[in-house]
Q: 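What follows is a structure written as structure tokens; I'll ask about it next.
A, B, ... follow the sequence lines: proteins, then strands. Residue 1 opens every chain.
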Protein chains: 2
Amino acid sequence: MSSKPEPVTSEPEPRWLTPAERAGWLSLAGILIRLPGALDSQLQRDAGMNTFEYFVLSGLSMAPKHTLRMTELAAFVSGSPSRLSHVVKRLEQRGWVRRDLDPQDARCTNAVLTEAGWDKVVASAPGHVEAVRHLVIDALTSGQIRQLHEIGERILGRVAPDEPCTAYRPATHETTPTTHPAEASTRQTEPSTRQAKSTAHQTKPTTRQAASTHQTQPATPRSKKVPRS
Amino acid sequence: MSSKPEPVTSEPEPRWLTPAERAGWLSLAGILIRLPGALDSQLQRDAGMNTFEYFVLSGLSMAPKHTLRMTELAAFVSGSPSRLSHVVKRLEQRGWVRRDLDPQDARCTNAVLTEAGWDKVVASAPGHVEAVRHLVIDALTSGQIRQLHEIGERILGRVAPDEPCTAYRPATHETTPTTHPAEASTRQTEPSTRQAKSTAHQTKPTTRQAASTHQTQPATPRSKKVPRS
DNA sequence: GCGAGTCACTTGAAGCTTCAACTAACGGCG
DNA sequence: CGCCGTTAGTTGAAGCTTCAAGTGACTCGC
């Protein structure tokens, strides 16, 4: 980056990839091309949504009151504001998400998972996890899974250098202390298998699932939540 | 897959991901979401095309006479026939590719890289390689690059189980034995630095680049080439 | 307290991909 | 020969993403 000889011609002869580097890159490129489609097709077939929509629902299902500002949600799923807006509108039309104006700050929109949305995530999670397991996890040794994490973090550090490239970390500080009514099947943030198990279909699923399906961004819901006051 | 207890309820409690598995998957998911965009934006900015279009041009640039049937090209870049058709039409409109009817079999269309198309790949290759290097290769140790290859092949084996998931392998058996006119700057399949170096801009680029940018599928150009006769 | 600047979205258009027909050509087979 | 099934590719519509504006709402400084 700093001391390129820059010969007489205008181009400084780029550093081509070695065979080993090429092999690594080609494998990664293959994954980039085919894996999303494979995951999408499972979700599309079994749940009528794509992976990104699933991520959004899943992200909301993990959020404190099943609620997240559009911006937080966008960061969480690594989507542009525009994309989020379109997607949430679609999800709202299907009745899985509701949009409320934030009473604190009228500029902000809060996306809220509806009960139907919650049920949808809970119902879709097992199939998605199964797909992830089948296509990725079960193909690898545990050492490779560790390596995958390390490799992924390093690449993400390059792709989004400005962002805290720590992997998903569960929202430890609950904002919904009164969380598990164990009845309404709405608003739970932590699995709590015993209580919820009997409630609807799976209860553990979503929370775990959400985590497992989601993306690296921590969403940092706490950071800007109370900027004023 | 075989001996699930299957409790009394209808669903056999899926195998959730362990924390380590989740961490690995989340890192991969992050890459799936963000890396394509990062690569696209470089190519879009510097070459006015997206990664898939680049792959197509690059694939043609490596093919024996800079020519590939649509089907072969589709396999090579892992795209559907429809997608290829649309993309090649766009590339044709920009003058980078030509479509000829195959004289042997009138059903088939041969996509041919034009001279302008060749120049375009050659000019775009360095920037793309630089991006790949910056975002992926340089972020990893050589051991990790090896692991990445291994991991990628294993996952690809699951995603496309029916296909020969060997990484790109250069078309060893040349069909264009009289390949390097070293003058026309068209039709070369192997770098052959010495001869071509002076021809146009970069000559090594495309070939190497093509390889480095391309995807795992070997395209197997030989297999169906002469089905009759 | 009001005007400029920023922030948080939303919107519509354009582009790309997918999906579901649809066309044309080849290969057998009776 | 003529029909049927397969193969190769194209097409148009629908859906999703991106891009470029655009709209309110907050904030800060004077």
Q: List the atom of A:P126, the atom of A:V122, and the distance in Å for their closest heavy-atom pair.
A: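 Closest heavy-atom pair between A:P126 and A:V122: CD-O, 3.3 Å.
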
Q: Could you tell me the separation between the CG atom of B:L91 and the P atom of C:dT17, rounded to a whole number of Å?
A: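 Interatomic distance, CG of B:L91 to P of C:dT17: 10 Å.
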
Q: Classify the nucleic acid contact of B:S85 as base, sugar-phosphate or nothing, counting any heavy atom under 4.0 Å across all strands shown.
A: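 Contact class for B:S85: base.
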
Q: If the cut-off is 4.0 Å, is B:S80 near the phosphate of C:dT17, judged by side-chain N/O to OP1 or OP2?
A: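 The answer is no; no side-chain N or O of B:S80 sits under 4.0 Å from OP1 or OP2.
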
Q: Rounded to whole angstroms, how far apart are NE2 on B:H86 and C1' on C:dA20?
A: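 Atom-to-atom, B:H86 to C:dA20, this comes out as 11 Å.
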
Q: Would you tell me whether A:Q42 and A:D46 have side-chain atoms, one donor and one acceptor, within less than 3.5 Å of each other?
A: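 Yes.
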
Q: A side-chain contact here means heavy atoms from C-beta on lying under 4.5 Å apart; do B:V87 and B:R90 qualify?
A: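 Side-chain contact under 4.5 Å: yes.
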
Q: From CG of B:N50 over to P of D:dC19, roughly how many Å is that when rounded to an integer?
A: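 Taking CG of B:N50 and P of D:dC19, I get 11 Å after rounding.
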
Q: Should the ring pair B:F55 and B:H128 be called parallel, tilted or perpendicular, given that the plane angle runs from 0 to 90° and is split at 30 and 60?
A: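 Aromatic pair B:F55/B:H128 classed perpendicular.
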
Q: To the nearest angstrom, how far is A:D102 atom CG from D:dG24 atom C1'?
A: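 The answer, rounded to whole Å, is 15 Å.
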
Q: Distance check needed: D:dA25 C1' versus A:Q104 CD, whole Å only.
A: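 Going from CD in A:Q104 over to C1' in D:dA25 covers 14 Å.
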
Q: If you compare every side-chain N and O of A:R107 against the phosphate oxygens of C:dC9 (OP1, OP2), does one of them come in below 4.0 Å?
A: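 No.
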
Q: With a 4.0 Å cutoff (strictly under), does any side-chain N or O of A:R90 reach OP1 or OP2 of D:dC16?
A: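 For D:dC16, OP1/OP2 do have a side-chain N/O of A:R90 under 4.0 Å.
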
Q: Could you give the CZ-to-C1' distance, from B:R83 to C:dA20, as a whole number of Å?
A: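 It works out to 18 Å between those atoms.
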
Q: As a test of reading the structure: which of D:dT17, C:dT10, C:dT17 is closest to the side chain of A:F52, going by heavy atoms?
A: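 Ranking D:dT17, C:dT10, C:dT17 by closest atom to the A:F52 side chain puts D:dT17 first.
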
Q: How large an angle, rounded to 10°, do the end axes of the helix from C:dG1-D:dC30 to C:dG30-D:dC1 enclose when each is built from five base pairs?
A: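 One end axis against the other gives 0°.
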
Q: Do B:S124 and B:M49 have side chains that approach each other closer than 4.5 Å (heavy atoms only, starting at C-beta)?
A: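 Side chain of B:S124 against side chain of B:M49, heavy atoms only: contact under 4.5 Å found.
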
Q: Expressed as a whole number of angstroms, how long is the span from A:K89:NZ to C:dC9:C1'?
A: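 Interatomic distance, NZ of A:K89 to C1' of C:dC9: 12 Å.
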
Q: Looking at A:E21 and A:R15, is any side-chain nitrogen of the basic one under 4.0 Å from a carboxylate oxygen of the acidic one?
A: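 Here A:R15 does not pair with A:E21 in a salt bridge, since their nearest N and O are not under 4.0 Å apart.
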
Q: Quick one: does B:S82 reach the base of C:dT17 with a side-chain donor-acceptor pair under 3.5 Å?
A: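 No, the side chain and the base share no sub-3.5 Å donor-acceptor pair.
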
Q: Which atom names give the shortest non-hydrogen contact between A:H66 and A:W118, and what distance separates them?
A: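 Between these two residues, the closest heavy atoms are CE1-CE3, 3.0 Å.
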
Q: What is the distance, to the nearest angstrom, from the CD atom on A:Q44 to the P atom on D:dC16?
A: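 Value for this atom pair: 7 Å.
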
